[in-house]
Amino acid sequence: MGGTDAKDILGLPKTPLSLTQEKRPRPQKESHRKPDGISREVYALTGGVAPLMPSIDVTHLKRRPPPQEKVTWQWLAFTNSARKDDFQLYHWARVVNDVPPTGDYSFAKYNKSVDILKYTDDEYENLLTDPVWTKEETDQLFELCEKFDLRFVVIADRFPVSRTVEELKDRYYSVNRALLRARAQSPADVANHPLMKEPYDITRDRERKRALSMVLSQSRHQEKKDAEILAEAKRITEMRLAARRAEEPDVSANEKIGLDKADGAVPGRSVSPSSNSQLPATAVAPSTLTMADYASTLASLRMLHVYLRTYGLEQMVQAASSAVGLRTIKRVEQTLQDLGVNLKPKVPTKTVCDEHLELRKEILTLLNLQKQLQYKESEGSSHREGSYAAMPDTPKDRVFASDPFSFGAERPIKKEQKRKGPGRQADSPSPAHKRPRKMKASDL
Amino acid sequence: MESDMEIFSEADASTQKLRMLQMGRPIDDREDKNGRRRTKDVEVYVPIVCGSIAFYLGKKATEYRTHKWTVYVRGATNEDLGVVIKRVIFHLHPSFKNPTRVVDSPPFALSECGWGEFKIDITVFLHTDVCEKKLELSHFLRLNPDNEYGPVPKSITIPVVTESYNEIVFPDPFESFLARVHNHPAVHISDLPHGFNLPLSGVAEIYHQMKNGDTKDHPLSQWFLKFSEAVELFKLTAARQKVQADIAKLERRLIIVDGQPEGESSSGYEY
């Protein structure tokens with residue numbers, strides 16, 4: 001057999017009898033005992049031949065450590081310390097060396113309950129009388145507390161006289177405090193009790209719940225306005241901090257300039273009519289933010305005492321772009337190019353830089369207006385359900401830019417609204433894939 | 001201020017005028033550590049051009065010295081920048097010997113021979129009475145005349161010129177600085193408040209009795225580019241007008257769309 005292999009390798013012609021000779025060795029090999037431990041097919045993958053070199057004995061692979069103990073599983077009865085009676089149930093238990101498992105039922109420890117204090121009548125007379133609460137009510141309250149483990153919502157429901165949750169809590173906790181104080185050996189012992197350290201304040205609890213319900217019930221509109229105002233306040237405080245940190249005495253004057261500009265801008269703008277669409281609020285807000293940005297940039301430029309005009313322009317452009325997303329910035333640059341204006345002026349004199357900055361600001365306003373218009377028109381069109389007529393004034397392909405700055409949470413709703421108008425679907429592909437088309441002069 | 005008086009005590013006429021200056025100007029109580037006052041609402045700017053001119057050496061070129069080039073910082077109208085700039089440092093590529101080249105007097109230019117194009121960092125130091133901070137610029141040295149339209153044949157007589165315009169801005173200059181330079185041609189002042197009395201330029205001459213550092217007669221001056229804001233300004237104004245017109249149009253449309261009642265249904269749908 002080795003001879004034919006060698007001849008194969010060398011490529012020598014085999015003898016005419018070789019064919020029959022090859023067939024016989026093969027079935028012989030296969031009738032060798034396949035080794036234990038691995039399946040026949042896997043063994044065949046390795047060529048069906050015993051390894052040339054000694055390797056790991058395959059039987060070693062599946063061996064387990066010989067069991068030291070005798071383990072069996074038995075169907076046994078057990079007791080549960082959490083039960084008040086002696087009722088015995090059965091379950092499978094792992095028995096080791098004929099010793100059944102010891103210890104309490106493993107789930108008994110989860111049966112927690114609250115220790116409700118019980119007061120005597122004397123104690124009640126002395127400590128616990130209350131103008132609003134009768135003894136019976138208090139007794140009932142305590143009974144229910146015990147029964148329902150201090151779940152006040154349930155207790156309030158079951159209470160025969162209608163009382164609010166806060167009132168019940170208040171009564172329960174104040175009774176407890178009085179009792180604790182009375183029963184304590186010395187005030188010091190009790191001082192560490194959580195009830196003493198943080199007593200239940202009914203008015204605060206009521207306030208908290210009211211505030212919580214207000215926040216939860218806020219419409220999205222409100223949420224946005226709140227977020228904007230907070231962001232603006234943060235910006236103003238940051239600006240003030242930055243100005244204060246500078247060491248030059250110039251700071252106070254510049255700060256005033258900056259703040260005046262910012263404050264002057266804010267009241268004027270924040271009185272925007274909160275109409276049915278929240279877009280005006282969001283569209284206007286960036287301009288209030290950027291006013292503060294410009295002022296602070298100007299202040300920081302002044303602080304330098306010397307700077308290059310190009311650097312100054314860069315900073316102001318950055319201030320203008322700080323409140324908008326990357327996509328808007330790209331659109332501004334594209335518009336500049338379309339108008340034949342250099343993105344960075346070739347002759348940056350004072351006038352040229354000022355004009356350039358003003359142009360950028362105006363382009364931002366223009367883009368904002370475009371978005372507002374798109375939004376309004378799509379809002380309008382979603383009402384015209386099922387209309388198959390082409391909208392005369394609606395520009396084609398005006399798909400919604402999912403601009404993160406304006407539309408945040410509104411996005412999912414908008415997409416559905418878009419799909420409702422089949423007349424538009426013919427024109428516009430799915431919003432998710434298309435980028436907004438820039439408005440050209442011919443559109444207007 | 002006493003210190004200012006001492007500096008100018010040599011010229012009597014100027015002390016008179018300085019007093020006028022101090023009376024005429026609304027008092028700024030912000031002084032820096034040296035007791036110098038800054039003027040608010042006056043901006044001083046110095047237009048400069050930063051550039052390079054490179055000549056191909058032709059037959060005289062060797063493997064490592066194919067071009068002779070000069071990098072410089074000059075006044076935009078070729079005026080003497082020595083009035084504000086004290087020193088310019090050109091940071092060359094490390095492959096040059098002593099790559100940090102210092103130029104202490106105008107004209108602030110540096111010539112060298114080389115073969116490679118690289119970014120030159122330029123640090124500009126101003127006179128101490130102007131500003132204690134330094135300015136950083138950078139300029140990419142171009143030797144190759146090839147442009148976006150394709151290769152250009154090399155010439156020995158016509159150099160490759162790259163220049164960029166900029167302005168050094170002093171938003172709140174020191175009074176003494178302002179007094180010194182306000183009549184100098186290299187320096188421009190904007191937003192001069194009404195009734196601002198400045199002494200005559202006799203003061204400036206005390207400082208600059210040295211040789212003229214302007215670049216009007218510089219050997220390379222024939223290649224300097226002229227920068228005019230007119231073209232750019234024209235484009236910008238035109239662009240702004242167009243954008244403003246577009247904004248007006250959109251605002252009108254918005255008003256119309258707002259006015260339209262919602263739920264306007266079209267004929268197509270019938271239940």
Side-chain angles (χ1 to χ4, degrees), chain A residues 248-253 275-277 298 301-312 335-336 338-342 345-356 358-359 362-363 365-366 368-370 372-373 376-377 379-380 382-389 391 393 423 439 441 444, chain B residues 28-32 38 40 43 45 47-48 126 130-137 164-174 188 190 227-233 235-240 242-247 249-251 253-254 256-258 260 262-270:
Chain A
E248 290 280 344
D250 288 330
V251 170
S252 56
S275 52
N276 46 356
S277 98
L298 274 173
L301 283 175
R302 282 192 98 91
M303 228 82 83
L304 292 175
H305 298 312
V306 66
Y307 57 89
L308 285 168
R309 184 81 69 192
T310 46
Y311 173 76
T335 319
L336 282 170
D338 292 341
L339 291 164
V341 169
N342 297 318
K346 285 273 181 309
V347 187
T349 65
K350 185 170 164 61
T351 354
V352 166
C353 288
D354 290 343
E355 288 285 301
H356 188 96
E358 290 304 307
L359 180 61
E362 283 166 4
I363 293 177
T365 321
L366 183 66
N368 256 334
L369 280 176
Q370 279 181 14
Q372 280 191 42
L373 205 52
K376 292 233 159 128
E377 283 175 352
E379 233 194 18
S382 73
H383 290 289
R384 300 171 201 152
E385 272 187 324
S387 150
Y388 289 87
M391 308 292 153
D393 260 15
M439 199 163 183
L444 291 171
Chain B
D28 272 351
D29 289 294
R30 294 156 324 176
E31 298 175 358
D32 76 336
R38 293 186 173 279
K40 212 173 131 172
E43 189 179 89
Y45 63 95
I48 59 169
L126 305 159
V130 174
C131 186
E132 276 149 18
K133 303 211 178 156
K134 57 187 179 179
L135 279 174
E136 309 272 0
L137 306 159
S164 58
Y165 176 94
N166 214 323
E167 295 183 347
I168 306 180
V169 181
F170 302 95
D172 48 359
F174 285 121
H188 297 240
S190 68
F227 290 90
S228 151
E229 60 175 3
V231 171
E232 198 136 33
L233 208 50
K235 277 225 182 106
L236 281 172
T237 349
R240 279 191 72 185
K242 182 174 186 314
V243 171
Q244 281 160 6
D246 287 348
I247 289 178
K249 272 194 207 159
L250 281 189
E251 280 174 346
R253 273 179 68 181
L254 255 172
I256 295 173
V257 171
D258 262 338
Q260 263 176 354
E262 287 169 35
E264 200 181 82
S265 56
S266 226
S267 54
Y269 219 127
E270 297 200 329

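Here is the naming used below: chain letters follow the sequence lines, and residue numbers restart at 1 for every chain.
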Best-contacting candidate, A:Leu301, A:Val352, A:Leu339, against chain B by heavy atom pairs under 4.5 angstrom:
A:Val352
Interatomic distance, A:Leu369 atom CG to B:Lys249 atom NZ [nearest 0.5 angstrom]
13.5 Å
Considering non-hydrogen atoms only, spot the tightest contact between B:Lys235 and A:Val341 and give its length.
O-CG2, 4.3 Å
Of all of A:Pro345, A:Gly312, A:Cys353, A:Pro348, which one pairs up most often with chain B through heavy atoms under 4.5 Å apart?
A:Pro348
Does a sphere of radius 6.0 Å around NZ in B:Lys133 hold more than 12 heavy atoms from other residues, nucleotides or ligands, not counting ones at 6.0 Å or beyond?
yes
Looking only at heavy atoms, what is the nearest atom pair of A:Arg309 and B:Asn166, with distance?
N-OD1, 3.3 Å
Under 4.5 Å between any side-chain heavy atoms of A:Thr310 and B:Tyr165, yes or no?
no
Heavy-atom contact with chain B under 4.5 Å, split by part of A:Leu336:
neither
Against chain A, label B:Tyr45 side chain, backbone, both or neither, depending on which of its atoms sit under 4.5 Å from a heavy atom there.
side chain
Separation of B:Lys242 NZ from A:Leu366 CG (nearest 0.5 Å):
8.0 Å
What I want to find out is whether A:Lys346 reaches B:Glu232 closely enough, with some N-O distance under 4.0 Å, to be called a salt bridge.
no
Heavy-atom distances under 4.5 Å only: say whether B:Leu135 touches chain A with side chain, backbone, both or neither.
side chain
With rounding to the nearest 0.5 angstrom, report the OG1 to CG distance, A:Thr365 to B:Asp246.
12.0 Å
Between B:Leu254 and A:Gln372 the two heavy atoms that sit nearest each other are CD1-OE1, 3.6 Å
With side chain to side chain contact (heavy atoms under 4.5 Å, CB included) as the criterion, how do B:His188 and A:Lys350 come out once you've worked through the C-alpha distance, each side chain's angles and the decisive distance to 0.1 Å?
CA-CA 11 Å; B:His188 297 240; A:Lys350 185 170 164 61; over 6 Å; no
Which atom pair, heavy atoms only, marks the closest approach of A:His305 to B:Cys131?
CB-SG, 4.1 Å
Who wins among B:Val130, B:Ile247, B:Val169, B:Val231 for the most heavy-atom pairs under 4.5 Å with chain A?
B:Val169
Decide side chain to side chain contact (heavy atoms under 4.5 Å, CB included) for A:Lys376 and B:Arg253; before the verdict, give the C-alpha distance in whole Å, the side-chain angles of both, and the deciding distance to 0.1 Å.
CA-CA 10 Å; A:Lys376 292 233 159 128; B:Arg253 273 179 68 181; over 6 Å; no
Hey, is B:Arg240 close enough to A:Glu362 for a salt bridge, meaning N to O under 4.0 Å?
yes
B:Ser228, part contacting chain A, at a heavy-atom distance under 4.5 Å:
backbone
How far apart are the closest heavy atoms of B:Leu126 and A:Val306, and which atoms are they?
CD1-CG2, 3.9 Å
d(A:Thr351 OG1, B:Leu236 CG) to nearest 0.5 Å is 10.0 Å
